[in-house]
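Presented below is the structure to which this report refers.
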Number of protein chains: 2
Amino acid sequence: MPVDARPDLTLCHCLAVRQAARHVTRFYDQFLAPSGLRTTQFSILAKLRRAGSETITTLARDLVMDRTTLGRNLRPLEREGLIAIGKGSVDQRSREVRLTEAGAARLRAGIARWIEAQGGFETVFGNRRSSSLRALLSAVSAVDFGAASADMS
Amino acid sequence: MPVDARPDLTLCHCLAVRQAARHVTRFYDQFLAPSGLRTTQFSILAKLRRAGSETITTLARDLVMDRTTLGRNLRPLEREGLIAIGKGSVDQRSREVRLTEAGAARLRAGIARWIEAQGGFETVFGNRRSSSLRALLSAVSAVDFGAASADMS
DNA sequence: GCGATATACTTGCATATGCTCCTAATTAGG
DNA sequence: CCTAATTAGGAGCATATGCAAGTATATCGC
C-alpha cells in the first residue's frame, strides 16, 4: 500500500457489526413487540432460564455486557415482576437474579415470537450463511482483546 | 425436531450480533478515546468526508440508522463544531450536513487511532476471518426484511 | 390553484451502552 | 487479627437507539 494512500474506512469491522446489529435488532424487535419484550430483555430472561440464578457480574459476562449496563437493564424487568433480585447467599455484596413465574410466562410468549423472527431471518439470509455468520460472531465475542488493547497500564 | 423440543435460544442471530457489536465497539472505542471521538461519531464524520454533503435522511440510510437517532447523534458533533448543518438548497424541509475544517482535522486524528484498532482486530481475529465476517455483515445490513416482516399493514 | 398525500425533520418517551467514581464486603499478607 | 488490595454493585454523566406523534414543506390529482 502506498504511503500516501488514504485507508479505506468503509472496511471498518466495528461499523459493519454495529450497522448489522441495528438492522437485525429492528427486525427481531418488530416480532417481539407484541410480547412486551425487547431483544435485550428477551436475551436476559432466556439466559436466566438456562442459568437458573446468577449474580449481576456473571450474568453480564455471559451476555458480553458491562455490569453497570446490565444492572440498569434489570430495572424494568424487576419493576414488571419478571425477575427477582435477592442478596447473594455466600457473598453479601453480590445480588442473585432469578426468573419469576411471570417472567417464565412472558419468556414463553416471547419465544413464540422469537421463533418467527429467527425463522424469518434464516429464510431471507439462508441457513448456511446464517450459521456461518453466527459462528463468526460467537468467535468475535469470545476474543480476548487484552493483548492488543490500547491501554496497557 | 420433536414437537416438544425447546428451541435453542443460544442460536439467536440477534443476540450474537449484539454481543459482538458491544465487544468490538468497546475495543475500537478504547483506541479512539484519545481523539475525543466515539465509533459512532467517527463513522458519521468518515461518511461525510466521502459523501461531501448529505441530508439527514440519506445519511441515516447510508449508516443503517434511524433518522431520529442520527438527528440526535449529530448534536454533540455540531456543538463541537465538527459538522455544520444548513438548510437544504432544493428542499426547504431537509437539512444539509457537512464536515467542517475542525471536523476534518478531528477525523484525521481519529483515523490514526482507527488504523491501530482495525489492525489490532485483524491481528487477533485473522485477516481471512475478518474479511469473511465483514462480508457477511454487509450482506446482513443490505437485506430487505420487508417481505418477512411481522407487520404487514 | 387547492385539497390530499407524502416526505423531512423534531420532540417526547423509554430503554441501551459503558466509563468514572463511590461504598460496602471480601480476601490476601503480615 | 488488622491493614491493604480486591471485588460486587450503585450513582452520575454522556451518548446511542428507535418508536409514536407532531409540524412544516413538497408534490400529486384534479
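Keep in mind it's a predicted model, so treat the numbers as computed, not measured. We name chains A, B, ... by the order of the sequence lines, and we start the count at 1 in each one.
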- Message: On DNA chain D, does the nearest nucleotide to Arg61(A) precede the nearest nucleotide to Thr25(A) from the 5' side, or the other way round? Give the residue.
- Response: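 The answer here is Arg61(A).
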- Message: On DNA chain C, compare the nucleotides closest to Arg38(B) and Arg38(A); which residue's is nearer the 5' end?
- Response: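 Its nearest nucleotide being more 5', the pick is Arg38(A).
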Separation of [N] [atom2] from [X] [atom1] (nearest whole Å):
X        : N       : atom1 : atom2 : answer
Tyr28(A) : dA16(C) : OH    : P     : 18 Å
Asp66(B) : dT15(D) : CG    : C1'   : 16 Å
Arg26(B) : dT20(C) : CZ    : P     : 12 Å
Arg67(A) : dC19(C) : CZ    : C1'   : 11 Å
Leu59(A) : dA16(C) : CG    : P     : 13 Å
Leu82(A) : dT15(C) : CG    : P     : 12 Å
Arg18(A) : dT17(C) : CZ    : C1'   : 9 Å
Asn73(A) : dA16(D) : CG    : C1'   : 13 Å

- When the aromatic ring centroids of His13(A) and Tyr28(B) are compared, is their separation below 6.0 Å?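 No - the distance between ring centres of His13(A) and Tyr28(B) does not fall below the 6.0 Å cut-off.
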Using the side-chain heavy atoms of [X], tell me which of these nucleotides is nearest: [options].
X        : options                   : answer
Arg22(A) : dC9(C), dT15(D), dT17(D)  : dT17(D)
Met65(A) : dG9(D), dT15(D), dT17(C)  : dT17(C)
Arg72(A) : dG18(C), dA25(C), dA26(D) : dG18(C)

- Message: Can you tell me how the ring of Phe121(A) sits relative to the ring of Phe125(A), calling it parallel under 30°, perpendicular over 60° and tilted otherwise?
- Response: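 Tilted, since the angle between the ring planes falls between 30° and 60°.
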- Side-chain ion pair, Glu80(B) and Arg106(B), N-O less than 4.0 Å: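 Yes, this pair counts.
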- Using a cut-off of strictly less than 4.0 Å, decide whether Thr57(B) has a side-chain nitrogen or oxygen near OP1 or OP2 of dT7(C).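 Result: no.
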- Query: Does Thr55(A) have a side-chain nitrogen or oxygen under 4.0 Å from the phosphate oxygens OP1 or OP2 of dA8(D)?
  - Reply: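 Checking Thr55(A) against dA8(D): no side-chain N or O falls below 4.0 Å of OP1 or OP2.
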- List the steps, then state whether side-chain hydrogen bond (donor to acceptor under 3.5 Å, both in side chains) holds for Glu122(B) with Ser130(B). CA-CA 6 Å; Glu122(B) 294 185 348; Ser130(B) 297; 5.1 Å; no
- Looking for any heavy atom pair under 4.0 Å, which part of the strands does Thr69(B) touch: base, sugar-phosphate only, or nothing?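 Base: the residue Thr69(B), judged by heavy atoms under 4.0 Å, touches a nucleobase.
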Ignoring hydrogens and geometry beyond distance, is the side chain of [X] in donor-acceptor contact with the base of [N] at under 3.5 Å?
X        : N       : value
Arg93(B) : dA8(C)  : no
Thr68(B) : dC19(D) : yes
Arg75(A) : dG9(D)  : no

- Task: Please answer whether the main-chain N or O of Gly81(A) pairs with a side-chain N or O of Thr100(A) as donor and acceptor at a distance below 3.5 Å.
- Result: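 Looks like yes, one N/O pair under 3.5 Å.
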